[in-house]
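Okay, structure first, notes after.
Throughout, a chain's letter reflects where its sequence line sits, starting with A, and its residues are numbered from 1.
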There are 2 protein chains.
Amino acid sequence: MRVSRAKAAENRERIVDTASRLFREKGFDGVGVDAIMKGAGLTHGGFYGHFRSKDDLAAEAVTRALDRSMERQRRFSNLDDLVSDYLSERHRSDRANGCALAALGGDIVRQSEGVRRGLTAYVREQLDRLACLFRDGGAGNRRKRAIAALAGTTGALILARAVDEPALSDEILAVARDAFGTAPSALQSRRVGGRGRRG
Amino acid sequence: MRVSRAKAAENRERIVDTASRLFREKGFDGVGVDAIMKGAGLTHGGFYGHFRSKDDLAAEAVTRALDRSMERQRRFSNLDDLVSDYLSERHRSDRANGCALAALGGDIVRQSEGVRRGLTAYVREQLDRLACLFRDGGAGNRRKRAIAALAGTTGALILARAVDEPALSDEILAVARDAFGTAPSALQSRRVGGRGRRG
DNA sequence: TGTACATCAGTGAACGCGCGTTCACTGATGTAC
DNA sequence: TGTACATCAGTGAACGCGCGTTCACTGATGTAC
């Protein structure tokens with residue numbers, strides 16, 4: 001039974017959103033067209049009225065996830081808050097709604113050209129944004145610290161998720177929040193005791 | 001046709017090695033039992049004489065990859081060399097023989113309990129090793145820097161591989177080498193010019 | 001050391017299930033008058 | 001505004017391919033005498 005054009009467009013959006021979440025949660029190969037359509041409240045047969053293939057949807061779903069990530073991170077106006085949010089326990093456990101880069105990491109390389117281009121644009125934007133959030137230092141130094149912070153937070157989230165022991169996972173998140181959330185950071189020197197609140 | 005027990009054991013080893021490389025290169029779902037056995041110079045039917053299932057092999061293959069990584073990294077006695085090797089262009093392009101954590105990242109979470117336990121042990125060992133390589137600071141501070149370095153290098157390698165543009169990828173590797181390869185690092189302060197050779 | 005037989009590593013055909021994709025069909029929507 | 005028809009979003013059965021797994025078979029290895 002046909003539905004209105006508005007409803008059809010809405011359905012399409014819901015398919016992309018659902019796929020975006022399911023892919024991050026279970027990986028590209030861990031989710032079938034059937035499950036995605038069911039998750040969007042439809043039947044699988046209608047899929048090809050909206051997309052040319054599962055790969056095409058994957059490209060859109062990753063792009064959407066990255067856009068949402070960017071939106072979320074724009075809400076923070078200082079590095080500490082942004083990093084605390086990114087390295088929160090909520091984000092660690094909520095893969096489905098979290099950073100696509102951390103969730104799909106290595107698999108993205110094997111995706112289509114479009115997906116990788118979208119990801120590259122996201123990384124560039126993210127680096128620019130991080131560089132702005134550093135308060136001190138010249139442009140070159142801020143960019144370097146932005147790269148280190150992006151690599152560090154992404155890696156920390158992946159590690160915290162991969163590791164089996166809650167205590168170690170918590171420790172990784174906590175240390176990384178401290179190391180990458182402020183600049184200069186705990187990485188910097190042989191500071192003993194204190195969490196740098198004074199500085 | 002039956003082969004000698006020694007030859008059979010050797011075949012089994014070759015299957016694990018081949019799988020270890022192919023999984024890192026193409027992901028767990030990107031490689032079939034058929035391809036693995038062919039890569040090891042055998043036919044697929046013999047697979048189940050060696051392993052209970054593909055998942056069982058995956059567990060062994062990841063463990064093997066992590067062991068090899070650990071072996072390689074033991075060869076370096078200072079942090080600079082270790083990080084330079086880990087963040088080299090060779091490692092970026094040679095996924096098949098590189099770090100399993102960076103190559104399989106998010107997918108490992110969805111693997112069996114055994115795999116995750118092996119990975120956790122690897123992370124612990126790696127952190128201890130990195131902490132030793134820092135020359136200054138107390139035990140607590142060294143561990144923190146080890147965590148930051150592990151997260152940073154892992155994240156940087158994943159980013160450098162994910163990104164589409166060679167120049168950006170090179171920049172990420174270079175900056176991360178500088179930031180995580182020495183302590184204190186470029187992250188530390190608003191140092192301008194010079195690569196810290198003097199310090 | 002040599003012979004006879006049991007064992008079993010590896011082979012290749014076959015099975016069966018899941019999944020991406022296709023298609024004939026349905027019936028509500030959109031449009032022309 | 002109302003009616004008649006064409007369109008087309010969604011349905012559910014079916015197809016076909018790939019892949020994990022099984023199995024009867026082969027023939028070299030290992031063992032018992």
Side-chain angles (χ1 to χ4, degrees), chain A residues 1-62 104 107-108 110-112 114-115, chain B residues 1-62 104 107-108 110-112 114-115:
Chain A
M1 22 31 192
R2 191 183 188 181
V3 302
S4 75
R5 282 213 272 266
K7 185 73 187 160
E10 191 185 298
N11 285 344
R12 192 194 141 92
E13 289 305 285
R14 208 168 51 255
I15 295 169
V16 177
D17 278 335
T18 306
S20 173
R21 276 184 285 105
L22 287 175
F23 283 148
R24 275 176 282 176
E25 192 180 333
K26 310 186 179 198
F28 291 119
D29 294 324
V31 193
V33 167
D34 195 17
I36 294 166
M37 291 301 276
K38 193 175 287 178
L42 298 164
T43 54
H44 68 278
F47 182 85
Y48 294 86
H50 289 295
F51 307 95
R52 287 232 317 277
S53 66
K54 189 189 175 189
D55 277 351
D56 265 34
L57 170 64
E60 269 196 61
V62 170
L104 298 170
D107 294 333
I108 276 179
R110 293 182 280 267
Q111 287 297 304
S112 71
V115 178
Chain B
M1 31 11 208
R2 192 182 187 182
V3 302
S4 74
R5 284 213 270 264
K7 185 71 188 163
E10 192 184 296
N11 285 344
R12 192 193 141 92
E13 289 305 286
R14 208 168 51 256
I15 295 168
V16 176
D17 278 336
T18 306
S20 174
R21 275 184 285 103
L22 287 175
F23 283 149
R24 276 177 280 175
E25 192 180 332
K26 309 185 178 199
F28 291 119
D29 294 324
V31 192
V33 167
D34 196 17
I36 294 166
M37 292 301 276
K38 193 175 286 179
L42 298 163
T43 53
H44 68 280
F47 182 85
Y48 294 87
H50 289 295
F51 307 95
R52 287 234 316 278
S53 67
K54 190 190 175 187
D55 277 351
D56 265 34
L57 170 64
E60 269 196 60
V62 170
L104 298 171
D107 294 333
I108 275 180
R110 292 180 280 267
Q111 288 297 303
S112 71
V115 179

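- Rounded to a whole Å, the CD1 atom of B:I36 is 11 Å from the P atom of D:dT21.
- Between B:G46 and B:A6, the residue whose closest nucleotide on DNA chain D is further toward the 5' end is B:G46.
- Closest-nucleotide positions on DNA chain D for A:T43 and B:V31 were compared, and the one nearer the 5' end corresponds to A:T43.
- Proximity of A:F47 to A:D34: side-chain heavy atoms (C-beta onward) are nowhere separated by under 4.5 Å.
- Taking atom NE2 of residue A:H44 and atom C1' of nucleotide D:dA9, one finds them 15 Å apart after rounding to whole Å.
- Between A:D29 atom CG and D:dG20 atom C1' there is a gap of 15 Å when expressed in whole angstrom units.
- Looking at B:I15 and B:H50, their side chains come closer than 4.5 Å, going by heavy atoms from C-beta outward.
- Looking at heavy atoms from C-beta onward, A:V31 lies in side-chain contact with A:F23 at the 4.5 angstrom threshold.
- Between A:R110 and B:E25, no side-chain nitrogen of the basic residue sits less than 4.0 Å from a carboxylate oxygen of the acidic one, so the salt-bridge criterion is not met.
- To the nearest angstrom, C1' of D:dC25 lies 19 Å from OH of B:Y48.
- Of all nucleotides listed (D:dG10, C:dG10, D:dA14), D:dG10 comes nearest to the side chain of A:L42.
- A salt bridge links B:R12 to B:E60: at least one charged side-chain nitrogen sits closer than 4.0 Å to a carboxylate oxygen.
- Screening A:T18, A:D17, A:N11 against A:R14 for a side-chain hydrogen bond (donor to acceptor under 3.5 Å, both in side chains) leaves a single residue, A:N11.
- Within the 4.0 angstrom heavy-atom criterion, only backbone atoms of the sugar-phosphate kind lie near B:H50; the bases stay farther away.
- Contacts of B:G49 with the nucleic acid, taken as non-hydrogen atoms under 4.0 Å apart, are absent.
- Each end of the helix from C:dG2-D:dC33 to C:dC33-D:dG2 yields a helix axis from five base pairs, and these two axes differ in direction by 20° (to the nearest 10 degrees).
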Might you list the N or O atoms of the protein lying below 3.5 Å from N or O atoms in nucleotides 27-29 of chain D, with each pair's distance?
| unit_1 | atom_1 | unit_2 | atom_2 | d |
| --- | --- | --- | --- | --- |
| D:dG27 | N2 | B:R2 | N | 3.3 |
| D:dT29 | O2 | B:R2 | NH1 | 2.5 |

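- Here the P atom of nucleotide D:dC23 and the CZ atom of B:F47 are 17 Å apart, to the nearest Å.
- The NZ atom of B:K38 sits 16 Å away from the C1' atom of C:dG10 (whole-angstrom rounding).
- Of the inter-residue distances, the one linking B:L104 atom CG with A:D107 atom CG reads 8.5 Å to the nearest 0.5 angstrom.
- Rounded to whole angstrom, the span from the CZ atom of B:R12 across to the P atom of C:dG10 amounts to 11 Å.
- The nucleotide whose nearest atom lies closest to any side-chain atom of A:N11 is, among D:dA9, D:dT21, D:dG12, D:dA9.
- The CG-P distance, from A:D34 to D:dA14, rounds to 16 Å in whole Å.
- Without hydrogens or angle criteria, A:S20 side chain to A:V16 main chain gives no donor-acceptor distance under 3.5 Å.
- A side-chain donor-acceptor contact under 3.5 Å links B:K54 to the backbone of B:F28.
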